[in-house]
Undergrad: 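One structure follows; several queries about it will come next.
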Amino acid sequence: MKTVLTIAGSDCSGGAGIQADIKTITMHYCYAMSAITALTAQNTTGVYGIEQTSDEFIANQLDCVFTDIFPDAVKIGMVYGNNSAKVIADKLNFYKAKNIVTDPVMVSTSGSRLISEQGLENLKKYLLPISALATPNVPEAEILSGINIKNLQDMQNAAKIISDKYGCAVLCKGGHLEDCSDDLLYSDGEFYTYPSVRIDNPNTHGTGCTLSSAIASNLAKGFEIPQAVENAKAYVTKAIGVKLDLGKGRGPLMHNYILQNFK
């Protein structure tokens, strides 16, 4: 069985973060492990509190994972603390981790900031350069590239800027675009476009977490980045398309839609 480590924050409501990642990894028939960077008090209506995990305890968690069950891929999500990104990068470098997928989480769907300014600078300095793939949405890609993104051509320009600057492949997610919702991958000097039809479903809490952990799972199973992205997008599309309706705000995806026949 392939193994995947998620390094991210905990979402007590189960729709995003560590909980979404573990569900997604499990549904890809991989073994899920986790290192928690922060505890969040949140639900489908918003984020109501964040407790940071100490850098020492993050390092302790990573040591425990890598010295026992070595991961075939690593997904990085919410990195909350000022120095957490450097601590994580140091450990991943020390253990020569592979297939690292970084979702540069900056702001929650409800508008809560999920990383400090110093934390963001360290994410850019230490984590992106060791990643195989970064998966920013449009606002995040604008911050990382320094340009405005309004269409697919802008996404191409931004993805190349980010890739050239940090040395990783870049999947720019198009959900925030007005004219379409296509995703754009730049990998090994090639552009790949993944057409996406907008699904009439407001319940998309945790979509970014789910996509990045699905990609990591596919990389763990041996797929190259373009195919891993395609496979992961198909999974996420189905998880949204089932139209699970839970909570009073933006509800979660149905990560376990595959098990519907077992209900």
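Since we're looking at a predicted model, the values are computed, not measured.
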Undergrad: Is it the case that H205 and D11 place a side-chain donor and acceptor less than 3.5 Å from each other?
TA: yes

Undergrad: State whether a side-chain donor-acceptor pair under 3.5 Å links S116 with Q118.
TA: no

Undergrad: Quick one: do K173 and D103 make a salt bridge, cutoff under 4.0 Å?
TA: yes

Undergrad: Side chains of N148 and E142: does their closest heavy-atom pair fall under 4.5 Å?
TA: yes

Undergrad: With no hydrogens and no angle check, just 3.5 Å: does a side-chain donor-acceptor pair link T6 and D21?
TA: yes

Undergrad: Strictly below 4.0 Å, N to O, side chains only: are K150 and D154 in salt-bridge contact?
TA: no

Undergrad: Is the backbone of P226 close enough, under 3.5 Å, to the side chain of Y194 for a donor and an acceptor to pair up by distance?
TA: yes

Undergrad: Under 3.5 Å, is there a donor-acceptor pair between the Y95 and D63 side chains?
TA: yes

Undergrad: Test your reading of the model: is there a side-chain donor-acceptor pair from K160 to the backbone of G189, 3.5 Å cut-off?
TA: no

Undergrad: Answer yes if the ring centres of F66 and F94 are under 6.0 angstrom apart, and no otherwise.
TA: no

Undergrad: Side chains of L246 and P252: does their closest heavy-atom pair fall under 4.5 Å?
TA: yes

Undergrad: Any salt bridge linking K124 with E121? Criterion: basic side-chain nitrogen under 4.0 Å from a carboxylate oxygen.
TA: yes

Undergrad: Does a side-chain heavy-atom distance below 4.5 Å link L144 with V170?
TA: no

Undergrad: Can you tell me if K221 has over 12 outside heavy atoms packed within less than 6.0 Å of its NZ?
TA: yes

Undergrad: Any side-chain to backbone donor/acceptor pair from R250 onto P202? Under 3.5 Å, distance only.
TA: yes

Undergrad: Between S212 and K75, does a side chain to side chain donor-acceptor pair (under 3.5 Å) hold up when you go through it step by step?
TA: CA-CA 7 Å; S212 54; K75 173 264 170 78; 2.8 Å; yes

Undergrad: I'd like to know if the side chain of Q227 pairs up with that of N231 as donor and acceptor (distance under 3.5 Å, no hydrogens or angles considered).
TA: yes

Undergrad: Distance to the ring centre below 6.0 angstrom and angle to the axis at most 45 degrees; does that hold for K86 and Y126?
TA: yes

Undergrad: Could you point out which residue of T53, T40, V105, I50 forms a side-chain contact (heavy atoms from CB on, under 4.5 Å) with Y80?
TA: I50

Undergrad: Would a distance-only check, ignoring hydrogens and angles, find a side-chain to backbone donor-acceptor pair under 3.5 Å from T44 to K248?
TA: yes

Undergrad: Say whether, by atom type as modelled, one donor and one acceptor occur between the side chain of N137 and the main chain of E140 under 3.5 angstrom.
TA: yes

Undergrad: Does the side chain of Y29 pick up a donor-acceptor pair with the side chain of T26 at under 3.5 Å?
TA: no

Undergrad: For the residue pair D72 / T3, report whether a side-chain donor-acceptor contact shorter than 3.5 Å exists.
TA: yes

